[in-house]
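Here is the structure we will look at, set down as structure tokens.
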2 protein chains.
Amino acid sequence: MSDTELSCSNCDKASCALLTLSPKEISEMEIHTNQTDMHKGDLLLRQETPFHSIIYLRSGYVKEFVINKNGPDQIVQMIKPRSYIGLQSLFSNKVSAFSFQAISDVELCYIEQDTFNILIRGNGDFAREILIALSNETLNNQKRILGLNQKQIFGKVADTMLYMSEQIFENKEFDLMMSRSEIAQMIASTRESVTKALLWFHQERMIDMRKNRLKILNVTRLKDISKKG
Amino acid sequence: MSDTELSCSNCDKASCALLTLSPKEISEMEIHTNQTDMHKGDLLLRQETPFHSIIYLRSGYVKEFVINKNGPDQIVQMIKPRSYIGLQSLFSNKVSAFSFQAISDVELCYIEQDTFNILIRGNGDFAREILIALSNETLNNQKRILGLNQKQIFGKVADTMLYMSEQIFENKEFDLMMSRSEIAQMIASTRESVTKALLWFHQERMIDMRKNRLKILNVTRLKDISKKG
DNA sequence: GTTTAATTGTGAAATAGATCACTATTTCAT
DNA sequence: ATGAAATAGTGATCTATTTCACAATTAAAC
């Protein structure tokens with residue numbers, strides 16, 4: 001919002017990859033970057049849509065999902081601050097494979113894709129950081145989704161709560177930014193089943209839930225349920 | 001097996017990426033590459049194991065899977081000839097995230113990982129080819145597995161037969177190289193359910209099955225079942 | 001070629017989870 | 001503050017799929 005904040009060089013929420021860039025490269029990036037704010041519920045990018053920018057999530061949370069003709073959407077992952085959005089499709093298609101929606105108010109930086117590509121070509125360390133980020137994200141997602149597949153519902157929900165706590169919010173207490181239906185879309189289940197699981201966890205004092213504030217009380221037991229439940 | 005076959009420069013089963021390398025780079029690769037043959041059932045690489053080579057699959061077929069403590073293995077994908085194995089973990093970990101097993105006799109080239117990395121750093125076009133291959137593979141897998149999640153069994157099995165026909169064997173007729181149990185491991189189901197699905201498809205003349213030779217007779221109907229069944 | 005092991009087929013019973021129809025609560029807009 | 005819309009909770013029913021136990025077939029080993 002203030003003038004200084006619009007500069008990448010003194011950004012207080014910069015990515016790890018940015019640290020590998022020279023001052024000259026950073027100012028090159030600044031020229032081709034636009035910062036925008038968006039609100040909860042806004043769609044950042046729609047699948048099958050051509051995209052010309054890589055989006056950097058300065059603050060706030062985003063969900064990545066696939067829109068299905070027959071049946072409900074499928075949520076692939078939640079994205080936390082200081083992440084790049086759209087890297088998956090950078091090296092393959094010109095269109096985005098997924099849709100992205102803000103699940104809180106967010107601050108975004110739109111970096112022109114061409115500029116991004118030039119930086120990757122010109123700076124091996126930057127390229128390496130980006131590739132590591134992309135690889136790790138992809139690998140984590142793949143393993144999580146594979147793991148989900150062979151759990152039953154209580155296990156799936158437990159797993160998802162632990163995922164949010166450990167991977168996304170990095171805290172035992174957090175605001176559940178998704179509705180029961182959305183959680184169901186993360187695990188290919190139904191609103192009702194999610195409700196029942198969460199209520200049971202609450203009854204059994206594994207979690208505390210009031211409004212949309214969730215606190216994990218018994219990690220061990222939840223992990224146990226996640227493993228074989 | 002003959003002397004000429006051991007050279008990358010006149011390999012008759014080379015990858016697309018290889019075409020981007022200069023003669024000098026190719027001979028650099030040759031020095032650090034070993035060709036081996038393996039048999040059906042052999043384990044090429046075990047998850048959580050350090051690996052020092054990227055494996056190039058010259059001929060034959062491989063399954064990529066995760067070994068689970070509690071419960072059956074999960075098969076991530078089948079890998080067809082002229083593919084690199086282990087790229088997923090190249091940019092992140094020093095250990096492989098997945099296990100790989102030959103499901104037919106295979107010819108393999110072990111390329112030292114350091115050499116591979118040097119080539120990627122030194123040749124932007126090579127790097128690009130590798131990244132595109134990796135991105136596409138990852139994206140396809142992710143979409144397929146997500147799609148599977150919200151189908152019911154007949155849909156999952158239909159989907160898997162079409163996947164084999166279209167993506168892997170590129171033919172309507174092919175040898176089913178996996179047992180019913182293994183197919184079940186691809187879709188998080190059971191041997192018995194796979195059996196029932198395949199028999200029904202056969203009865204309904206959507207496929208022809210004798211021994212392990214499978215022929216797809218009615219693509220349209222199978223696709224229909226895959227979509228909403 | 002015979003024996004042994006592994007894989008596949010089959011139907012009945014058990015069950016996890018979806019679906020449905022409805023109520024309660026929370027959130028949002030005016 | 002009030003009403004409307006969205007989200008969440010609840011229990012009964014229904015159904016797809018797993019589980020189990022056993023028979024049949026196919027592949028491997030000697």
Side-chain angles (χ1 to χ4, degrees), chain A residues 39-42 63 70-75 101 103-105 148-161 175-204 207-214 225-226 228-229, chain B residues 39-42 63 70-74 103-105 148-161 175-204 207-214 225-226 228-229:
Chain A
H39 294 294
K40 183 176 173 166
D42 290 345
K63 75 173 185 194
N70 334 300
D73 298 346
Q74 302 170 266
I75 297 176
Q101 184 182 30
I103 55 174
S104 72
D105 291 350
L148 279 177
N149 272 354
Q150 56 181 37
K151 290 183 211 286
Q152 44 200 93
I153 301 253
F154 281 28
K156 289 182 178 182
V157 177
D159 201 75
T160 304
M161 294 305 111
D175 282 317
L176 203 54
M177 293 183 180
M178 299 213 184
S179 69
R180 303 291 185 269
S181 303
E182 284 175 307
I183 296 170
Q185 288 171 13
M186 294 188 77
I187 61 177
S189 175
T190 59
R191 179 182 71 75
E192 292 93 328
S193 297
V194 172
T195 291
K196 282 160 195 171
L198 286 176
L199 287 176
W200 185 63
F201 296 165
H202 183 80
Q203 268 172 227
E204 295 280 315
I207 61 173
D208 184 73
M209 231 183 2
R210 39 197 55 179
K211 301 263 190 152
N212 267 334
R213 191 82 187 160
L214 195 142
I225 290 168
S226 158
K228 174 92 194 78
Chain B
H39 293 294
K40 182 174 174 169
D42 289 345
K63 75 173 185 193
N70 335 298
D73 298 347
Q74 302 169 267
I103 55 174
S104 71
D105 291 349
L148 279 177
N149 271 352
Q150 56 181 36
K151 290 184 211 287
Q152 44 200 97
I153 302 250
F154 280 29
K156 288 182 178 181
V157 177
D159 201 74
T160 304
M161 293 306 110
D175 283 316
L176 203 53
M177 295 184 179
M178 299 211 183
S179 69
R180 304 290 185 271
S181 303
E182 284 175 308
I183 296 170
Q185 288 170 12
M186 294 188 77
I187 61 176
S189 175
T190 59
R191 178 183 74 74
E192 291 93 329
S193 297
V194 172
T195 290
K196 281 160 196 171
L198 286 176
L199 287 176
W200 185 64
F201 296 165
H202 184 80
Q203 267 172 229
E204 295 280 315
I207 62 173
D208 184 73
M209 230 183 3
R210 40 197 56 179
K211 303 262 189 151
N212 266 335
R213 190 82 186 161
L214 195 141
I225 290 168
S226 158
K228 172 93 196 74

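Proteins come first, then strands; the chains are lettered A, B, ... in the order of their sequence lines, and each starts at number 1.
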Nearest whole Å is fine: how far is [N] [atom2] from [X] [atom1]?
{"X": "A:K40", "N": "D:dA6", "atom1": "NZ", "atom2": "P", "result": "15 Å"}
{"X": "B:N149", "N": "D:dT17", "atom1": "CG", "atom2": "C1'", "result": "16 Å"}
{"X": "B:R213", "N": "D:dT26", "atom1": "CZ", "atom2": "C1'", "result": "18 Å"}
{"X": "A:Q150", "N": "D:dT17", "atom1": "CD", "atom2": "P", "result": "17 Å"}
{"X": "A:E192", "N": "C:dA16", "atom1": "CD", "atom2": "P", "result": "18 Å"}
{"X": "A:K156", "N": "C:dA18", "atom1": "NZ", "atom2": "P", "result": "8 Å"}
{"X": "A:W200", "N": "C:dA16", "atom1": "CH2", "atom2": "C1'", "result": "14 Å"}
{"X": "B:I183", "N": "C:dG9", "atom1": "CD1", "atom2": "C1'", "result": "14 Å"}

How close do B:M177 and B:S104 get, heavy atom to heavy atom, and via which atoms?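 Looking at all heavy atoms of both residues, the closest pair is SD-CB, 4.1 Å.
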
So, OP1 or OP2 of [N]: does either fall under 4.0 Å of a side-chain N or O from [X]?
{"X": "B:R180", "N": "C:dT8", "value": "yes"}
{"X": "A:S179", "N": "D:dA6", "value": "no"}
{"X": "B:T195", "N": "C:dG9", "value": "yes"}
{"X": "B:T190", "N": "D:dT19", "value": "no"}

For the pair A:F154 and A:W200, name the ring-plane relationship: parallel under 30°, tilted 30 to 60°, perpendicular over 60°.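 Taking A:W200 first and then A:F154, their aromatic rings sit tilted (interplane angle of 30° to 60°).
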
Do you know which of B:Q74, B:M178, B:K63 makes side-chain contact (heavy atoms from CB on, under 4.5 Å) with B:M186?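 Only match with B:M186 under side-chain contact (heavy atoms from CB on, under 4.5 Å): B:M178.
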
From the set [options], return the single nucleotide nearest to any side-chain atom of [X].
{"X": "B:Q152", "options": "D:dT10, D:dT18, D:dA16", "value": "D:dA16"}
{"X": "B:K196", "options": "C:dA12, D:dA8, C:dG17", "value": "C:dA12"}
{"X": "B:R191", "options": "D:dA16, C:dA16, C:dT8", "value": "C:dT8"}

Heavy atoms under 4.0 Å, any strand shown: does B:K211 hit a base, just sugar-phosphate, or nothing?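 Answer is sugar-phosphate: B:K211 comes under 4.0 Å of backbone atoms only.
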
Please work out if B:S193 contacts a base, only the sugar-phosphate, or nothing of the nucleic acid, heavy-atom cut-off 4.0 Å.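 Answer is base: heavy atoms of B:S193 come under 4.0 Å of a base.
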
In Å and rounded to the nearest 0.5 Å, what is the CE to CG distance from B:M161 to B:L176?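 Between B:M161 CE and B:L176 CG, I get 5.5 Å after rounding to 0.5 Å.
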
For the backbone of A:K40 and the side chain of A:D105, can you confirm whether one donor and one acceptor N or O come within less than 3.5 Å of each other?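 Yes; at least one donor-acceptor contact below 3.5 Å.
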
